[in-house]
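Within every chain, numbering begins at 1; the chains are lettered A, B, ... in the order of the sequence lines, protein sequences first and strands thereafter. Keep in mind that what you see is a predicted model, and the values were worked out from it rather than measured.
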Protein chains: 2
Amino acid sequence: MARLNYHHLYYFWRVAKQGNLTATASQLALSQSALSAQISQLEHTIGQPLFNRVGRSLVLTELGRTVLNYAEDIYQRGEELQQLLSQGTPTVPSLKIGVLSSMSRNFVDAFIKPLTQGLDVHFQLIARPQSELEQLLAHHQLDVILTNRELASGDDVGWQSQLLARQALSVIAPSRLAHLPAEVDASYQQQRWVVPGAASPLRAAFEFFCTQHQLRPEIIAEADDMAMLRLLARDSGALAVMPAVVVRDELQSGLLVKRFDLPNAFENFYAVTLTRKYQHPRLAELLQASYFGTLR
Amino acid sequence: MARLNYHHLYYFWRVAKQGNLTATASQLALSQSALSAQISQLEHTIGQPLFNRVGRSLVLTELGRTVLNYAEDIYQRGEELQQLLSQGTPTVPSLKIGVLSSMSRNFVDAFIKPLTQGLDVHFQLIARPQSELEQLLAHHQLDVILTNRELASGDDVGWQSQLLARQALSVIAPSRLAHLPAEVDASYQQQRWVVPGAASPLRAAFEFFCTQHQLRPEIIAEADDMAMLRLLARDSGALAVMPAVVVRDELQSGLLVKRFDLPNAFENFYAVTLTRKYQHPRLAELLQASYFGTLR
DNA sequence: TTATTCGTTCGCTAAAATAGAACGATAGGT
DNA sequence: ACCTATCGTTCTATTTTAGCGAACGAATAA
């Protein structure tokens, strides 16, 4: 193969990211024809197509996706360099953190604490459902995602999960029910409950617990979103099931009280990153800080 | 600034790495003049010189070094892509490990053990004196260096040290002296010794120990190199001062015997990496494995 | 069906990269 | 001190590459 033409590759990068040749051409102040020709040339030197021409649109081939991954690393770094050269300041790019919508904001807050203290890094928090997060990560739109679901690790998969923390699942009571005992007895039968949504593994753990103790809870509300669950726990006057970190502030103020932990029921928090991506310089520190933080 | 020309940058990369325009030109099958012109153009678009023309040679400016760091990331990844495209296999580049010449090979062996077990990564061991290692690392010729000297950490410095292990400094005796007591007494006064070289911090620790115990050792040999020290310990019949790991095999076979550790004298082993370098995919695992290994 | 959008192909032109020769500066040898 | 080989720069002519615009075809929307 002839030597790779980095300008061809650059055009490919822009087009592949955008998924649209015409729009990219105008962004680059370039004619369609020029762009089309340059990309065909790249495909010619490689010897294989990078796009499938399906209908009147361009769809990446398998190889195209692979090449895009490399191009992403290459030109992301290149853009950084250009910014450095034009501004004179070594710009640390914004750290993009994807967060599962339903996760506890308190946990996220704890995770990003090192960033808010040292003010030298911009970061973006992007809350999305799991599937979208995975897509964004795969497309290099995110540096890391925080989620409670472990993803398959391994070199071939392309991403790796790291367990950051695990939180016991607790039974939280409003202060007027603070007298309830620290283990299940008959007094819990009369109570109304607020619990995680049916899809959640936390809910499954709670159901199992109920079966074991022959508890027949009157469930008055359920929610996937931890922020929502927190509000429900605070305002409903009912018992609630959730990791204690979710209502950290309310526990501290005495508005809510933790009665006990469910045995062997945990919510796990994972950080998922791409294995072969250029790592954001602050991310490693963040992950490590978080790791040591949980051990303390 | 006009858009960065990646071909100019590529040429810059090659020249800066080589440090010689003429040689690079012939490698690229290009005339000197062309290469010279392209690099001046790059400097022109940037607006500042990347090289100082000192005498008849090119020396990187401060800015040049910075740009080289970026270029290294960019084109190293580009080369990987080219290899992938021409060979069809996603080549994991060889992991280059710099080792301080005088370090114990047993320690290095333990560090690279994960690599020798999984056979999927090529690696190179490069033994050099400290100053050369630092240079090679700074020039991206190495992924990591293993040394017993800590280097200043910090973002501005550009590299970071990680403590991998610490080894007590021991007094090693040949089996015929196995009867010597496990603490210093008069019987140690009559002995001949083999010790680390005068430049070493280990030697300093030993000297301090001698002063404390009013020991006046008869030093028959000294050596910087741990491998050499090992041979001396084995063959001289004298007492020796070194970390026990150096003569691990001889201790196991009973050929040598450890008498005692010097109090508060340690050899530290550090892994030093560049902070802003694209990290070799296997390096993180290696460092982590080593870290957990030492805790066990 | 007709108009519109999107990508490709084909000449032609403009821009760029490159070779070669001439030059200046420097380091090394005698 | 003088020659000589080495290294990088500058200038001009030439080749190579990139890019524009128009024409085209195929797919989608109205």
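Contact annotation: B:N5 does not reach the phosphate of C:dA16 (side-chain N/O to OP1 or OP2, under 4.0 Å). For the OP1/OP2 pair of D:dG8 and a distance below 4.0 Å, the side-chain nitrogens and oxygens of B:T22 include at least one atom meeting the criterion. Side-chain nitrogen and oxygen atoms of A:Y10 include none within less than 4.0 Å of the OP1 or OP2 phosphate oxygen of D:dA18. Under 4.0 angstrom from either OP1 or OP2 of D:dC7 there lies no side-chain N or O belonging to B:S57. Taking side-chain N and O atoms only, B:N20 has no distance below 4.0 Å to OP1 or OP2 of D:dT6.
Of all nucleotides listed (C:dT9, D:dA18, C:dA21), D:dA18 comes nearest to the side chain of A:Q41. In the set D:dA18, D:dG8, D:dC20, D:dA18 carries the atom at the smallest distance from any side-chain atom of A:H8.
No donor-acceptor pair closer than 3.5 Å links the side chain of A:S161 to the backbone N or O of A:V272.
Checked by distance alone, A:S31 brings no side-chain donor or acceptor within 3.5 Å of a matching partner on the base of D:dG21.
Looking at heavy-atom distances under 4.0 Å, B:L30 makes contact with sugar-phosphate atoms alone, never a base. At a threshold of 4.0 angstrom between heavy atoms, the contacts of B:A23 with the nucleic acid are absent.
A:R149 CZ: 12 or fewer foreign heavy atoms inside a 6.0 Å radius.
For the pair B:R53 CZ and D:dT10 C1', the computed distance is 13 Å after rounding to whole Å. We find that CG of A:L28 is positioned 9 Å from P of D:dG19, with the value rounded to whole Å. As rounded to whole Å, 13 Å separates atom C1' of D:dG19 from atom CZ of B:R3. Rounded to whole Å, the distance from NE2 on A:H44 to C1' on C:dT9 is 15 Å. Here the P atom of nucleotide D:dC7 and the CD atom of B:Q18 are 11 Å apart, to the nearest Å. Atom pair B:Q38:CD and D:dT16:P shows a separation of 16 Å (rounding to whole Å applied). The CG atom of A:L50 sits 15 Å away from the P atom of C:dG7 (whole-angstrom rounding). The separation between A:N52 atom CG and C:dT8 atom P is 12 Å, rounded to whole Å.
Map A:R56 and B:Y11 each onto its nearest nucleotide of DNA chain C; the residue landing nearer the 5' end is A:R56. Between A:L35 and A:G55, it is A:L35 whose nearest contact on DNA chain D lies nearer the 5' terminus. Along DNA chain D, the nucleotide nearest A:S33 and the nucleotide nearest A:H7 are compared for position; the residue whose nucleotide lies closer to the 5' end is A:H7.
Here A:F12 and A:F51 bring their ring centres to under 6.0 angstrom of each other.
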Starting from the C-alpha separation in whole Å, work towards a yes-or-no answer on salt bridge (Lys or Arg N to Asp or Glu O under 4.0 Å) for A:E72 and A:R14.
CA-CA 9 Å; A:E72 188 72 37; A:R14 298 290 300 254; over 6 Å; no

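Of the charged side-chain nitrogens involved, none lies within less than 4.0 Å of a carboxylate oxygen, so that B:K17 and B:E79 do not count as a salt-bridged pair.
Between A:Y6 and B:Y75, the two ring planes are perpendicular [angle over 60°; tilted spans 30° to 60°].
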